[in-house]
Amino acid sequence: MNKQLEKMKQNQECERRKRIAEEKHKEWVQKKREEEKRERKQKLSKEMAEKVTRELEKMQLQEKADMKYKEWLKKKRAEEAEKKKKEKEKEKEREAELQEKRTRSEKIFKEWLQNSRNKPQPALNGYGFPHGKSTGLY
């Protein structure tokens with residue numbers, strides 16, 4: 001009887017230990033799952049934060065590039081406007097020089113015309129040649 005009681009007590013003790021071990025195992029598994037879940041959430045939130053940071057940096061770089069492009073375009077347009085202005089000035093100078101040359105040449109031509117009227121005409125039959133040309137042998 002004592003042996004049976006002792007055996008029953010041992011069996012009960014063994015079952016109790018098994019139950020306690022199973023409960024502890026279940027608790028450990030549950031804690032582990034919760035910990036893994038928490039780690040996944042942290043990892044996901046960290047990835048999202050990094051993604052947002054990268055997007056923000058990308059946007060800032062894009063804005064910076066746009067600003068530089070606009071500045072470059074503005075500078076280029078200013079240079080082109082300056083170039084056109086210089087070309088117009090050169091064209092005006094050329095036109096003024098051409099006009100001055102024309103007026104000078106017209107003035108010289110008029111002077112020549114005036115002077116040519118006042119010059120005496122050469123003799124037609126000079127040196128015994130009819131019409132100013134030699135006719136025949138020397």
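This one's a predicted model, so the numbers in the text were calculated from it and none came from an experiment.
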I'd like to know whether E95 forms a side-chain contact (heavy atoms from CB on, under 4.5 Å) with K92, so could you lay out the CA-CA distance, the side-chain angles of the two residues, the decisive distance to 0.1 Å, and finally the verdict.
CA-CA 5 Å; E95 199 65 38; K92 284 181 181 179; 5.5 Å; no
For M8 and Q4: C-alpha separation, side-chain torsions, deciding distance, then whether side-chain contact (heavy atoms from CB on, under 4.5 Å) applies.
CA-CA 6 Å; M8 271 177 78; Q4 279 182 345; 5.6 Å; no
CA sep, side-chain torsions, deciding dist, call: K31, E27, salt bridge (charged side-chain N to carboxylate O under 4.0 Å, His left out):
CA-CA 6 Å; K31 282 182 183 177; E27 286 176 17; 5.2 Å; no
Just do the side-chain contact (heavy atoms from CB on, under 4.5 Å) check on Q30 and E34 with the steps written out, would you?
CA-CA 6 Å; Q30 189 175 359; E34 287 174 2; 3.7 Å; yes
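Using a cutoff of 4.0 Å between basic side-chain nitrogens and carboxylate oxygens, E80 and K83 are not scored as salt-bridged.
Applying the salt bridge (charged side-chain N to carboxylate O under 4.0 Å, His left out) test to every pair with at least one member in residues 8-21, sequence neighbours left out, gives these pairs: E13-R16, E13-R17. Among residues at least two apart or in separate chains, there is no salt bridge (charged side-chain N to carboxylate O under 4.0 Å, His left out) pair with a member in residues 59-77.
Within 6.0 Å of atom CD in E111, more than 12 heavy atoms from other residues, nucleotides or ligands are found, so the atom counts as buried in its surroundings.
Between the CD atom in Q42 and the NZ atom in K46 there is a gap of 9.5 Å [rounded to 0.5 Å]. Interatomic distance, NE2 of H25 versus CD of E22, reported as 9.5 Å (0.5 Å rounding). Residue Q114 holds its CD atom at 8.0 Å from OG of S116, rounded to the nearest 0.5 Å. Going from atom CD of E55 over to atom CE of M48 covers 10.5 Å, rounded to the nearest 0.5 Å. Atom OG1 of T103 sits about 10.0 Å away from atom CG of L98, to the nearest 0.5 Å. Note that NZ of K58 is 14.0 Å distant from OG1 of T53, once rounded to the nearest 0.5 Å.
The side-chain heavy atoms of E6 and Q10, taken from C-beta on, include a pair separated by under 4.5 Å. Between E47 and K43, some side-chain heavy-atom pair lies under the 4.5 Å cut-off. You'll find the side chain of R40 stays beyond 4.5 Å of the side chain of L44, heavy atoms only. Side-chain contact check for E87 versus E91: every heavy-atom pair is 4.5 Å or farther apart.
Residues satisfying the side chain to side chain contact (heavy atoms under 4.5 Å, CB included) test with E89, not counting sequence neighbours, are K85.
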